[in-house]
A.B. asks: 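Take this structure first; my questions come after.
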Amino acid sequence: MKLRKTLTTVSFIAVFSTAALAKVTYIHAGQLMADPASGQVKNGQTIFVEDGRVLEIRDGYVGEGDVVDLSGQFVLPGLIDAHVHLLHENGPGDKLARVTKTPADWAIEGVPFARATLMAGFTTVANVGDENTSIYALRDGIKAGKIVGPRVIAAGNVISPHGGEGDVFGYRADVTHAIARPNLCSGADDCRRVVRQHIQFGADMVKIVATGAVLSDADAGIDQQFTGDELKAIVETAHALGRIVTAHAHGTAGINAFLEAGGDSIEHGTYLDDSSITLFRENGAYLVPTLLAGATVTEWANKPDTWLSPVTAKKALDVGPKMVGATRRAHESGVKIAFGTDSSVSPHGQNAREFALLVEAGLTPLEAIQAATVNAAEHLRISDEAGRITPGMSADIVAVKENPLKDITSLERVVFVMKAGTVYREP
Ligand SMILES: [Zn+2]
């Protein structure tokens, strides 16, 4: 208040500064890890937030008026999940839902899942595979402040070969044709067309399926599906249009063919080998391990009354238990790791369970936090916006009770969430 009076007497311009200053929120952080890249933790800090952005950070507790008291909490940047599917949760109803739900239904399904994700401390997600118009509507609704949810970087539907993992399975041929997603392509030229149109209709990034998948009811294994020519055409076209390309890939040949084509990141990466590791490092490509999905499908497949079909259950038991080992190997060899859960396989809002699994795979707690902040931001090309609490960044700030460097599972119990300066959850 004292500051306001002093400034208003100075000049007309100062009146404007005063108006701006009046909107400052002061966050008192008991412990603060502002930049996970260094991992430095400081006690008793004040974060100034103005117009949705971090203005500055000062030692000690300062400011009055709009003060958020997190003096008993550990404060860190909003978390980033680079692999979710916000419009559903997998279960026995999947096959029927595909022929009964409309795109409008899917978008509305996503509303509570988006909220649950944000409340769990995830202020940004990459949605890597969901119906185009539904996910774009959800993304844009959140951005416009009509719906509560994380910032969404949307890939729209996955791009897949005809008959490949991103096609549909288990229906009559005529039904299959009727409900096929629009992003199927065969041959390099056709794939260029699909990528261009996909970006035309709203994709922020491109997600392809380079190999078979666990949860598609297809008895076609888990290895390479697109040819090298197709992969090259997809990556070149997406890059020329300013988009990153990430690939769902389990089998070795598919992982390596995609990385050889210049791909930016691999989701899952179950059967990566030494050549994959070399390619990852040459490209500076990220691995998004999704260990929580591996753990979840393994759990399902091991149940005597599992809802998975025999074909799917077999693939789940093939892939699920191997994912921790693959991540360990990649991490030890210096492959960059970005945090991703494949939530929709596991329930939305439980994303932070991935942290403990990453630590089980050999990451230190700090490295696991880096995966979900600075690394995921770099992977998604949003380092100038998210991943750190430093001046100029979006004010995406979360807090937990216990220091996650001592107990990584404390991130499963987020007590405070701010996204772009708005508080969504308070202790
Ligand atoms: Zn997925």
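Values in this document were obtained by computation on a predicted structure and should not be read as measured data.
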A.B. asks: Has Glu367 got a side-chain atom pairing as donor or acceptor with Thr364's backbone, closer than 3.5 angstrom?
C.D. replies: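 Side chain of Glu367 to backbone of Thr364, a donor-acceptor pair under 3.5 Å: yes, one is there.
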A.B. asks: Using atom types as modelled and distance alone, determine if a side-chain donor or acceptor of Thr278 lies under 3.5 Å from a backbone N or O of Asp274.
C.D. replies: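 Yes; at least one donor-acceptor contact below 3.5 Å.
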A.B. asks: Is there a side-chain contact between Phe339 and Glu354 (heavy atoms, below 4.5 Å)?
C.D. replies: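 With C-beta onward as the side chain, the pair touches.
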A.B. asks: Does any N or O in the side chain of Ser134 come within less than 3.5 Å of the main-chain N or O of Pro103, such that one atom is a donor and the other an acceptor?
C.D. replies: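 At least one qualifying donor-acceptor pair exists.
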A.B. asks: Counting C-beta onward and ignoring hydrogens, is there a side-chain heavy-atom pair between Ile266 and Val288 closer than 4.5 Å?
C.D. replies: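 SC-SC contact between Ile266 and Val288 ruled out.
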A.B. asks: Can you see whether Glu109 engages His88 through a side-chain donor-acceptor pair at a distance of less than 3.5 angstrom?
C.D. replies: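 There is no such pair between these side chains.
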A.B. asks: Does the Gln370 side chain pair with the main chain of Asn375, one donor and one acceptor, at a distance under 3.5 Å?
C.D. replies: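 No.
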A.B. asks: I'd like to know if the side chain of His85 pairs up with that of Asn127 as donor and acceptor (distance under 3.5 Å, no hydrogens or angles considered).
C.D. replies: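 Not at all, the side chains of His85 and Asn127 share no donor-acceptor pair under 3.5 Å.
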A.B. asks: Does any part of the side chain of Asp264, heavy atoms only, come nearer than 4.5 Å to the side chain of Asn283, both counted from C-beta?
C.D. replies: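 Heavy-atom side-chain distance check fails, nothing below 4.5 Å.
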A.B. asks: For Lys95, is there any backbone N or O sitting under 3.5 Å from a side-chain donor or acceptor partner on Tyr171?
C.D. replies: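 Such a contact is found between Tyr171 side chain and Lys95 backbone.
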A.B. asks: For Thr227 and Asp229, which I'm curious about, is there any donor-acceptor pair between the side chains at under 3.5 Å?
C.D. replies: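 There is no such pair (donor and acceptor under 3.5 Å, judged by atom type) between the side chains of Thr227 and Asp229.
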A.B. asks: Pick from Arg139, Arg243, Arg151: which one makes a salt bridge (Lys or Arg N to Asp or Glu O under 4.0 Å) with Asp204?
C.D. replies: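 Of the listed options, the one satisfying the test is Arg139.
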A.B. asks: Do Ile208 and Phe226 have side-chain heavy atoms sitting under 4.5 Å apart?
C.D. replies: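 They are in contact (side-chain heavy atoms under 4.5 Å apart), so the answer is yes.
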A.B. asks: Verify, without hydrogens or angle tests, whether Ser344 (side chain) and Glu89 (backbone) share a donor-acceptor contact under 3.5 angstrom.
C.D. replies: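 No, because the side chain of Ser344 does not come within donor-acceptor range (under 3.5 Å) of the backbone of Glu89.
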A.B. asks: Is there a side-chain contact between Leu76 and Ile369, using heavy atoms and a 4.5 Å cut-off?
C.D. replies: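 Counting from C-beta outward, Leu76 and Ile369 do come under 4.5 Å.
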A.B. asks: Could Glu260 and Lys232 be called an ion pair, given the rule that one side-chain N must be under 4.0 Å from one carboxylate O?
C.D. replies: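 No, Glu260 and Lys232 are not salt-bridged.
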A.B. asks: When you check the side-chain N and O atoms of Ser276 and Asn256, is any donor under 3.5 Å from an acceptor?
C.D. replies: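 Present: a donor and an acceptor within the cut-off.
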A.B. asks: Side chains of Pro427 and Leu70: does their closest heavy-atom pair fall under 4.5 Å?
C.D. replies: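 Heavy-atom side-chain distance check passes, below 4.5 Å.
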A.B. asks: Decide whether Asp66 and Thr25 meet the rule of one side-chain donor and one side-chain acceptor closer than 3.5 Å.
C.D. replies: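 Result is yes, a qualifying pair exists.
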A.B. asks: Ignoring hydrogens and angles, state whether a donor on the side chain of Gln200 or Arg196 is under 3.5 Å from an acceptor on the partner side chain.
C.D. replies: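 Judged by distance alone, the side chains do not pair up.
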A.B. asks: Check whether any side-chain N or O of Ser346 sits under 3.5 Å from a backbone N or O of Thr296 as a donor-acceptor pair, and report yes or no.
C.D. replies: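 Here the side-chain-to-backbone pair does not exist.
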A.B. asks: Can Asn157 and His198 be counted as having a side-chain donor-acceptor contact under 3.5 angstrom?
C.D. replies: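 Looking only at side-chain atoms, His198 and Asn157 do not form any donor-acceptor pair under 3.5 Å.
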A.B. asks: Please confirm whether the backbone N or O of Ala293 pairs with a side-chain atom of Thr290, one donor and one acceptor, at under 3.5 Å?
C.D. replies: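 No, Thr290 side chain to Ala293 backbone: no donor-acceptor pair under 3.5 Å.
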A.B. asks: Does any donor atom in the side chain of Thr211 or Asp223 lie under 3.5 Å from an acceptor atom in the other side chain?
C.D. replies: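 Distance-only check fails for Thr211 and Asp223.
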A.B. asks: Supply the atom-to-atom distance His28 NE2 to Asp69 CG, rounded to the nearest 0.5 angstrom.
C.D. replies: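 Those atoms lie 7.5 Å apart.
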A.B. asks: Step through the shown structure and confirm whether more than 12 heavy atoms of other residues, nucleotides or ligands are within 6.0 Å of CZ on Arg425.
C.D. replies: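 It does: Arg425 CZ has more than 12 such atoms within range.
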A.B. asks: Taking the side chain as every heavy atom from C-beta outward, state whether Leu272 and Leu287 have any pair of such atoms under 4.5 Å apart.
C.D. replies: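 Contact flag for Leu272/Leu287 side chains = yes.
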A.B. asks: Consider only side-chain N and O atoms of Ser410 and Glu412, and report whether a donor and an acceptor are under 3.5 Å apart.
C.D. replies: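 The answer is no; no qualifying pair exists.
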A.B. asks: Would Asp105 and Thr102 count as having a side-chain donor-acceptor pair, cut-off 3.5 Å?
C.D. replies: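 A donor-acceptor contact under 3.5 Å links the two side chains.
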A.B. asks: Is the shortest side-chain heavy-atom distance between Val49 and Val24 below 4.5 Å?
C.D. replies: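 They are not in contact (no side-chain heavy atoms under 4.5 Å apart), so the answer is no.
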